[in-house]
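Heavy-atom basis, side chains included; hydrogens, waters and symmetry copies ignored. Chain identifiers are assigned alphabetically (A, B, ...) following the order of the sequence lines, protein sequences preceding nucleic acid strands; residue numbering begins at 1 within each chain.
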2 protein chains.
Amino acid sequence: MAPTSETLTAERILEATEEVLRRHGPAKATVVDVARALGVSHGSVYRHFRTKAALREAVTKRWLDRTSEALSGIVAEDRDPEGRLRDWLRTLFEAKRRKAGDDPELFATYTVLTDENGTAVGEHLADLTAQLTRIVRAGAEAGSFETTDPEATARAVFHATGRFHDPCHAREWERPGVEEEFTAVVDLLVRGLRGR
Amino acid sequence: MAPTSETLTAERILEATEEVLRRHGPAKATVVDVARALGVSHGSVYRHFRTKAALREAVTKRWLDRTSEALSGIVAEDRDPEGRLRDWLRTLFEAKRRKAGDDPELFATYTVLTDENGTAVGEHLADLTAQLTRIVRAGAEAGSFETTDPEATARAVFHATGRFHDPCHAREWERPGVEEEFTAVVDLLVRGLRGR
DNA sequence: CGAATGACAGATATTGAAATCTGTCAGCTG
DNA sequence: CAGCTGACAGATTTCAATATCTGTCATTCG
């Protein structure tokens, strides 16, 4: 724990905040705790983040962005759109399920954070549906998907698979049979995308 | 408010409990309140329901059953399965949305109740998917739907439309554009059901 | 005699006083 | 002088004392 002597940067504060959230949970993580973890006064933290809410929002954004990045690779791949769509949805599902299953407390912490940061979540969802839209549009152009409005269709796919990525369904991700349920939903959607 | 003199029956207790829940909310509704509303001692209530939890579960069941009954009519109709499927889903969506929109507090109360009564909810969901299965099977037999496993397919349809009936998405039901989102999802699913 | 009561023990919830936290800012420090 | 500090006011949280509730059951009532 030596290099506390480095200059205080927003990045270091965010890292310390994540650690404090991990240790104390969302209800008891205070700005004072973050400052203490960094060996500075809490006033210094307020030099980088106007409010506690802003600090928590920044942490939330970082966390959400990490998910987006992991998925954007699949969008950029050069393969058949149907395969990419299936992989994208499966990767999203698996990532969420792993996070919720491996460290339930941390996942609960981030669920609280996302609940209080509707704006950041909204941007994240816009980001994800934009990714999906690219895949759907590629499929439409390749003739493998049939749609007049790729964006609306992508949103429909995203909403229809909500059960497998929306945190409010996290409890159900451990139940036996979810795998099959996920596959059934995706199969049905892909058949719908292919059209007649 | 005269006929308090009738004999104390489980039915009357349930009605009083609903009223107390409506007035005080789920956190502050006590068995003592229910007894007071009925003009009896709380000991008498315990003669009909072993615990407070059992009483709340019974109230929850009643509420959920009312929804099921409203939908079962559509299942029994003698029309094309696709139309029945669309109407069934739309009716479910509209009913939930109306309940959540018209009396948000009461809806929140029942959301708390359903959260604490996983078993009753499970039975309710089994009931609803059984209804859906009947429609899907009728469609398969009529040749308008293509599926090897009507029950699994019905569950997939139910899960895919979760955003439009699961209480944890209630906030989103008031947003502009949900109508279109609902239609987009249902259209996609119906196309998937029709097969090639 | 069956149904209802109300006193009771242990569990849970409420309350208000004390402690802590948030956000600001005048002043210190390197 | 740019960045940090720590004292401060008002808001929020904690905690322990107090009140209420749950569930039981010996007793009463009709």
Whole-Å distance between C:dA7 C1' and B:Tyr46 OH? 15 Å

Regarding B:Glu179 and B:Arg90, does a basic nitrogen lie under 4.0 Å from an acidic carboxylate oxygen? yes

From CG of A:Asp33 over to C1' of C:dA19, roughly how many Å is that when rounded to an integer? 15 Å

With B:His169, which residues qualify under ring pair (Phe, Tyr, Trp, His ring centres under 6.0 Å), at least two apart? A:His169

Output the rounded distance in Å from NZ (B:Lys28) to C1' (D:dA19). 14 Å

Nearest-angstrom distance from the residue atom NZ of A:Lys52 to P of C:dT22: 4 Å

Candidates B:Asn117, B:Thr17, B:Leu64 - the one meeting side chain to side chain contact (heavy atoms under 4.5 Å, CB included) with B:Val59: B:Thr17

Could you state the CZ-P distance from A:Arg36 to C:dT20, rounded to the nearest angstrom? 10 Å

Close approaches to DNA chain D from residues 13-21 of chain B, in residue order (heavy atom, under 4.0 Å): none

Is A:Glu94 salt-bridged to A:Arg97, going by a charged N under 4.0 Å from an acidic O? yes

Using nucleotides 2-9 of chain D, report all nitrogen or oxygen pairs with the protein that are shorter than 3.5 Å.
| unit_1 | atom_1 | unit_2 | atom_2 | d |
| --- | --- | --- | --- | --- |
| D:dC4 | N4 | A:Arg47 | NH2 | 3.3 |
| D:dT5 | OP2 | A:Ser41 | N | 2.9 |
| D:dT5 | OP2 | A:Ser41 | OG | 3.3 |
| D:dT5 | OP2 | A:Ser44 | OG | 2.6 |

With sequence neighbours excluded, residues passing salt bridge (Lys or Arg N to Asp or Glu O under 4.0 Å) with B:Arg23: B:Glu19

Which atom pairs, donor and acceptor, lie under 3.5 Å between side-chain atoms of residues 101-112 of chain B and protein residues at least two apart or in another chain?
| unit_1 | atom_1 | unit_2 | atom_2 | d |
| --- | --- | --- | --- | --- |
| B:Asp103 | OD1 | B:Leu106 | N | 3.2 |
| B:Thr109 | OG1 | B:Glu105 | O | 3.1 |
| B:Thr111 | OG1 | B:Phe107 | O | 2.8 |

Please figure out whether B:Ala53 or A:Ala27 has its closest DNA chain D nucleotide nearer the 5' end. A:Ala27

Choosing from D:dT24, C:dT24, C:dC21, which nucleotide comes nearest the side chain of A:Val32? C:dC21

Can you check the B:Phe49 CZ to C:dA4 P distance for me, whole Å? 13 Å

D:dC21, C:dT22, D:dG23: which one has an atom nearest the side-chain heavy atoms of B:Thr30? D:dC21

Name all pairs fulfilling the salt bridge (charged side-chain N to carboxylate O under 4.0 Å, His left out) condition that reach into residues 38-49 of chain A, sequence neighbours left out, sorted by first residue then second. none

Examine the side chains of A:Thr30 and A:Asp33 and answer whether a donor and an acceptor come within less than 3.5 Å of each other. yes

Salt bridge or not between A:Asp87 and A:Arg79? Use side-chain N to carboxylate O under 4.0 Å. yes

